[in-house]
Amino acid sequence: MRLTINGEDRTTAAADVAALVISLGLDVRKVAVERNLEIVPRSRYAATAMADGDRIEIVHFIGGG
């Protein structure tokens with residue numbers, strides 16, 4: 001499936017948001033995801049299916065101190 005992830009066209013086999021985040025090597029507990037301009041609640045990542053052409057924005061939180 002073809003997606004636009006953070007403004008970059010990419011191809012993925014991931015069917016849902018959780019699988020996408022994991023395939024990108026990110027920790028699902030440390031990211032916020034928007035699908036087609038709508039925030040996806042973390043509790044819904046696995047239940048949120050993606051479709052060809054979706055626009056995904058992922059923000060990765062980095063702690064510091």
Side-chain angles (χ1 to χ4, degrees):
M1 142 178 16
R2 293 176 310 158
L3 303 172
T4 300
I5 302 172
N6 292 349
E8 189 176 312
D9 291 332
R10 298 185 77 173
T11 302
T12 183
D16 57 58
V17 171
L20 175 65
V21 171
I22 291 167
S23 75
L24 294 172
L26 301 171
D27 185 337
V28 295
R29 297 168 299 165
K30 297 180 180 177
V31 296
V33 179
E34 180 183 89
R35 177 180 165 261
N36 298 329
L37 304 176
E38 291 187 20
I39 298 286
V40 179
R42 185 175 307 133
S43 63
R44 302 282 306 151
Y45 284 4
T48 302
M50 296 182 301
D52 195 47
D54 278 355
R55 297 185 62 83
I56 307 293
E57 294 293 327
I58 302 174
V59 177
H60 185 204
F61 301 106
I62 299 174

- How far apart are the closest heavy atoms of Met50 and Arg35, and which atoms are they? CA-NE, 4.2 Å
- Query: Sequence neighbours excluded, which residues qualify as side chain to side chain contact (heavy atoms under 4.5 Å, CB included) partners of Thr4?
  - Reply: Asp9, Arg55
- Query: Closest approach of Arg42 and Arg29, non-hydrogen atoms and distance?
  - Reply: NH2-O, 3.5 Å
- Query: Which distance, rounded to the nearest 0.5 Å, do you find between the CG of Leu20 and the CD1 of Ile5?
  - Reply: 4.5 Å
- Task: State which residue, out of Leu3, Ile56, Leu24, fulfils the side-chain contact (heavy atoms from CB on, under 4.5 Å) condition with Arg10.
- Result: Leu24
- Write down the atom of Asp27, the atom of Val21, and the distance for their closest heavy-atom approach. C-CG1, 4.3 Å
- Task: Taking Asn6 for its side chain and Ile58 for its backbone only, find out whether a donor-acceptor pair lies under 3.5 Å.
- Result: yes
- Linking I/L/V/M/F/W/Y whenever their side-chain heavy atoms sit closer than 4.5 Å, directly or via other members, would Leu26 and Ile39 fall into one cluster? no
- Heavy-atom closest pair, residues Tyr45 and Asp16: O-CB, 3.9 Å
- Query: Is a side-chain N or O of Asp52 found less than 3.5 angstrom from the main chain of Arg2, in a donor-acceptor match?
  - Reply: yes
